[in-house]
**Q** 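This is the structure I want to talk about, given as structure tokens.
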Amino acid sequence: MEKGIIGKSELAKLVEAMAADATCLGPVKDGQDTVLAELGPDTELSFDYANFRLPVKRLFFPQSEVTCVLRDGQLVALPPPDEKTVLFGVRPCDAQALPYLTKIFSDEKYEDPYYLKRRENAVIVSLACHTPCSTCFCTSLGGSPAGRAGCDILAFDLGHELLLEAETEKGKALLAAHEALFAAPTDAQVTAAAEQGAAAEASMAKIETDGITEKADQAFDAPLWEEIAARCVACGVCTYLCPTCHCFGFADEQVGNRTQRVKCQDACMFPLFTLEASGHNPRTTQGQRLRQRIMHKFSYTVKNVGEIFCVGCGRCVLYCPVNIDLREIIEEVRK
Amino acid sequence: MTKMQDAQNRLRETVKDLFAQQKVDLVVGFEAGSLPLRTRVCFLTSADEADRLVWNAFCTNNPAVYIPRLFQRPASPREEYKPPKLGIVAKACDARAVHKLLEEHQAPRENVTIIGMPCRGMACRDKVVIQAGDEVVEAVESTEGAVEIKTRGGASHRFELQDLLQQACLDCPQAAPEHVDVQIEGASRRDTTRRYEGLKNFEAMSADQRWEYFRHELSKCIRCYACRQVCPTCYCKTCFADMAKPRWTGAGDGLSDVMFYHIGRLMHQAGRCVECDACTRACPVGIDLKTFTRKLGKDVERLFDYVPGLRPDEAPLLCAFEDDDTEEFVTDG
Amino acid sequence: MSGGATTSPYLPSAVTIEKITIENEAKDLRTFRLAFCEEADAAAFSHACGQFAILSVAGAGESPIGIASSPLDSGYVEFTVKRYPTGVVTTALHAMEEGDQIGLRGPYGNAFPMRALEGKNIVIVGGGFAFTTLRATIRWILHEQNRARYGNVTVIYGARSPGELLYKDELKGWEARSDIDMFVTVDKGDEGWTGREGFVPTVLQEVAPSADNAVVLVCGPPIMLKFTMPPLLQLGFSPETIITSLERRMTCGLGKCGRCNVGNKYVCKDGPVFTFKEIQALPEGAL
Amino acid sequence: MVFLCNWCATLAAELAGSNRLAYPAGVRVVKVPCAGRINPLHLLRALQNGADGILVFGCHPGDCHYAKGNLLARRRLSVLKGLLEAVGMEPARLQFSWVTASEGSRFATLLDRAVQDVRTLGPNRKFVKNPAAAG
């Protein structure tokens, strides 16, 4: 089944049906924010949100997870959680980032089972944005408010009902499994959805990103990095909220009488990130660290895995406490 | 011309004078930001740049956070230490933070010129968005005490600044910054009677409700430590949370480790937190940190009659004692 | 990989510390001889000169260390580890005793191109405790089944003081051989020292090995590398024939965690071995 | 978890012991050179690692071997206690008291009472780090 219409009032039934064999998460109000939270049969879904504060990557690459524990003097690996999940209401920018992360966590030689197993077990239902924020710039980086990259199903909010369009086999299977709850969409509905996506896309300001990789390479030794970083307080918000940032570290800890190794998100904006035990630190200034983050996204990943690791979600722009604006950095670099 | 803009012009002229008299070679102030309702900190090195300075209801950041860094000694003793002659544009809370840092020897007093700003309080971004009910795409402080905004949907609103003030400003103990080197004239907030009003709801809760509130707020924490990084009085070279030897905190984002970090940080802020709420504004997941820092401040004020940063040259709270300090929690046999 | 059903690239194999050799007077350099606890792990482990592995002490953490034994040393793997007062893992390792069990994963990274170097004269320049992977390489070259494949072998190795020289007995053995030219130097000798004094770059200029049909493998602290490159170029070594090994803080060793990159190259995966030519092309002043 | 200053409470504890007063079951003792040596983080760590209550003994004001360690501790720990109570910890879980080397019975009484208080409250579930939880 490729397309289906479901009334918003019927969603509870769908959630209940899906919950039989999967954990369902969806947009739920928490105070002023909307968070991606586990859905029960009575949970009220929110459709009035720009995006979640935290990127959806955290469900596949959590802030921290135990990878090994010590048993009888020997470290043993803990398996990644093996539960099916359905993520509803993911914004297209966050979904677009997932295939990028898959490229990082799987390669010809080493696979990170913790990320890959979770991704394999998840069905991503993206919800197209009809009113993008002024800080959003996905269309400048190959995305769209109705982008389909990385999702299994793309949903459109048509007011009283949703139109779901399956993108992958996994998505088709999910729709097929709950076929009874869906109606076939009318042509008008499909057209309305497409028009909505196009209108949202047209409403967005575009920033120029042509040639950004070459320009970034050329700007490597430019003074702009230290100039911009003078304000930076090295808080790492930009990296933690970034849908594509994927740096991590390990930390061993003792909890009660259990010794475990924890894989934690880490951030290149911290001075300690590259500090070696000898005291040597290849990146001593905040300018070097900020440059690393930008170069990693706009140059290194392009060379290594063929993608710009920025989806234009605008979180770093919006949440940077000192108003360092990535859009301005891109503009500066391109000068 | 509004009062704020008057103050802005006076600030620009003052900064030009300070450069001309060679009293400063670096000024930290605010310039226009890239987003509505925002300004950002800028670093000026000559009088020519002074016209970049702005002064309005969106100068929320605490520029004192940059002081320890600007006065950091070079890693090698062979390198000459050349501290700047710093001018710092300061609201009341900023000035308190500067005094705290001076007291803790983070900069030589003679190298810092505090430019005290008249402040009616700063607009809380969240409050503006709630009142506007939509994303704000443009905001100006138009007339005295009013903020005019435009929303994404095209609507225009005019709000009284008084209704938009940050909690930090409502709680501010000062009508204007004190113990400054240069005072810029202008309208200041005069109402200092609402201090700790924001705590009332929290304090009215039962212990279990307070616990539940604390637990819920901290369960959002992703341990990015942004709260620490933007805090002017969090400048330890190696924070206890980053220490490897001893490793104080566990690595995870489980509640126990998160609480350990936050209570540990609060302890380190006792008698030091100037209640500027930089932590709360910076928190990317919206934890209500201010309730806890404010509770701490209130305790410290009640127990020791101590308000950080109000009196220059006072002894740091936890490095001193009085013989008749409170004994209210000492159990007796 | 041992240890249950889950295959995780982050899980180390169990190894036993068979032997600990204290290498220097300061006692902060120890060589650990490790043997795999599981035969399958031993069989699966095969490394090449210049590679590193990640040692793991449960409760303390992991640390990437260059492999100091030759691929032809069968039955064990050796690592020479410096203890730093601030280093949690190296301190924990130094507190361990023979018979204790630790973890090892790897080998990781690329290696010195030993096959491609056959038929060439080899100049080895090492400083301090970065000599470890060079020691592996010398052992490899000097092995009876390999020695004939390479031309002249010249080794210039320096340490701060005589007490800081690694592998002292082995150095003596090499010095006694006629098929390898050894130039061991210390920055400053002591009463018992009758050997050479002087910094590695200076000794290199004195020894002046011929660049003719030669490659140089050079490993040392950043400051030594910096001062070694100009004399090497002066001696006629082209940047492609100068091969070195970089060090960065690492976590995963797999090119995923984003920590050890220099430009778009990951030292753990694309390195640690780079030619000087490759390094010149990298940003960030990689040395 | 009982923190004992080495100069007063440790001796008081020994005195109590020599009078055949035993520690209540489940009490763990940490000797410190001075109550002023106690970092609030130590106490948090104790709670995290499963301590149900903490009792700190220092010298009476004026008696500190290091002149003022006990008085610094008094300030520090009042702040900590205020914070922990603010976030919902039961007040009796953190106690602080003065004792001299000769006050063996006072030591025993205070300790007994603290143990009783904590028993009444039951285990500390709020701050403890659960090993089963990820991370």
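Within every chain, numbering begins at 1; the chains are lettered A, B, ... in the order of the sequence lines, protein sequences first and strands thereafter. All values reported here derive from a predicted model rather than from experimental measurement.
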**Q** About how many Å separate CG of B:Asp277 and SG of B:Cys283, when rounded to the nearest 0.5 Å?
**A** 12.0 Å
**Q** Could you look at A:Cys316 and say if it's the side chain, the backbone, both or neither that has a heavy atom under 4.5 Å from chain B?
**A** neither
**Q** Please confirm whether the ring centroid of A:Tyr114 lies under 6.0 Å from the ring centroid of A:Phe60.
**A** no
**Q** Does any heavy atom of chain B fall under 4.5 Å from the side chain of A:Asp48, the backbone, both, or neither of them?
**A** neither
**Q** Can you tell me which portion of B:Glu138 sits under 4.5 Å from chain A's heavy atoms? Options are side chain, backbone, both or neither.
**A** neither
**Q** What verdict does the side chain to side chain donor-acceptor pair (under 3.5 Å) test give for A:Thr285 and A:Glu226, after you've listed the backbone C-alpha separation in whole Å, the side-chain angles of each residue and the deciding distance to 0.1 Å?
**A** CA-CA 8 Å; A:Thr285 70; A:Glu226 295 297 345; 2.5 Å; yes
**Q** Check whether B:Val285 gets within reach of chain A through its side chain, its backbone, both or neither, counting any heavy atom under 4.5 Å.
**A** both
**Q** List the atom pairs, with distances to 0.1 Å, where a side-chain N or O of residues 224-236 of chain B and a protein N or O form a donor-acceptor pair under 3.5 Å, not counting sequence neighbours.
**A**
| residue | atom | partner | partner atom | Å |
| --- | --- | --- | --- | --- |
| B:Tyr225 | OH | B:Arg223 | NE | 3.4 |
| B:Tyr225 | OH | B:Arg223 | NH2 | 2.9 |
| B:Arg228 | NH1 | B:Asp242 | OD2 | 3.2 |
| B:Arg228 | NH2 | B:Asp242 | OD2 | 3.0 |
| B:Gln229 | NE2 | A:Val233 | O | 2.8 |
| B:Gln229 | NE2 | A:Ala234 | O | 3.3 |
| B:Thr233 | OG1 | B:Gln269 | OE1 | 2.8 |
| B:Thr233 | OG1 | B:Gln269 | NE2 | 3.4 |
| B:Tyr235 | OH | B:Glu104 | OE1 | 2.5 |
| B:Tyr235 | OH | B:Gln106 | NE2 | 3.4 |

**Q** Other residues, nucleotides and ligands only: do more than 12 of their heavy atoms fall within 6.0 Å of CD on A:Glu44?
**A** no
**Q** Where on A:Arg327 is there a heavy atom nearer than 4.5 Å to chain B: the side chain, the backbone, both, or neither?
**A** side chain
**Q** Report yes if the distance between the aromatic ring centroids of B:His262 and B:Phe214 is under 6.0 Å, otherwise no.
**A** no
**Q** Where does the angle between the aromatic ring planes of B:Phe260 and B:Trp248 fall among parallel (under 30°), tilted (30 to 60°) and perpendicular (over 60°)?
**A** parallel
**Q** Kindly determine whether B:Leu70 and B:Val28 satisfy side-chain contact (heavy atoms from CB on, under 4.5 Å), including the steps that lead there.
**A** CA-CA 10 Å; B:Leu70 292 172; B:Val28 180; 3.9 Å; yes
**Q** Between the side chains of A:Thr274 and A:Asn281, does any donor sit under 3.5 Å from an acceptor?
**A** yes
**Q** Pick one of side chain, backbone, both or neither for B:Ile130, based on which atoms fall under 4.5 Å of a heavy atom in chain A.
**A** side chain
**Q** Checking A:Cys264 against chain B: side chain, backbone, both or neither under 4.5 Å from a heavy atom?
**A** side chain
**Q** Does the side chain to side chain donor-acceptor pair (under 3.5 Å) test come out yes or no for A:Arg58 and A:Gln63, once each step is laid out?
**A** CA-CA 6 Å; A:Arg58 78 189 168 93; A:Gln63 205 282 329; over 6 Å; no
**Q** Side chains of B:Glu135 and A:Ser134 only: does a donor on one sit below 3.5 Å from an acceptor on the other?
**A** yes
**Q** Let's test your reading of the structure: which of A:Ala230, A:Gly236, A:Ala251, A:Cys320 forms the most heavy-atom pairs below 4.5 Å with chain B?
**A** A:Ala230
**Q** Between A:Phe52 and chain B, with a heavy-atom cut-off of 4.5 Å, which part of the residue counts as in contact: side chain, backbone, both or neither?
**A** neither
**Q** Give, as side chain, backbone, both or neither, the part of B:Arg38 having an atom under 4.5 angstrom from any heavy atom of chain A.
**A** side chain
**Q** Less than 4.5 Å to any heavy atom of chain B: does that hold for the side chain of A:Thr284, its backbone, both, or neither?
**A** neither
**Q** Quick check on A:Val35 against chain B: is it the side chain, the backbone, both or neither that has a heavy atom closer than 4.5 Å?
**A** neither
**Q** Name the member of A:Thr135, A:Asp33, A:Asp30 that forms the most heavy-atom pairs with chain B at distances under 4.5 Å.
**A** A:Asp30
**Q** Taking non-hydrogen atoms and a cut-off under 4.5 angstrom, which of residues 237-248 of chain A neighbour chain B?
**A** A:Val237, A:Tyr240, A:Leu241
**Q** Show your working on side-chain contact (heavy atoms from CB on, under 4.5 Å) between B:Thr39 and B:Asn56 and close with a plain yes or no.
**A** CA-CA 9 Å; B:Thr39 59; B:Asn56 56 39; 3.5 Å; yes
**Q** Run the ring-centre check on B:Phe292 versus B:Phe202 and record whether the distance is less than 6.0 Å.
**A** yes
**Q** Flag the one option from B:Ile222, B:Thr60, B:Val65, B:Asn61 with the top tally of heavy-atom pairs under 4.5 Å to chain A.
**A** B:Ile222
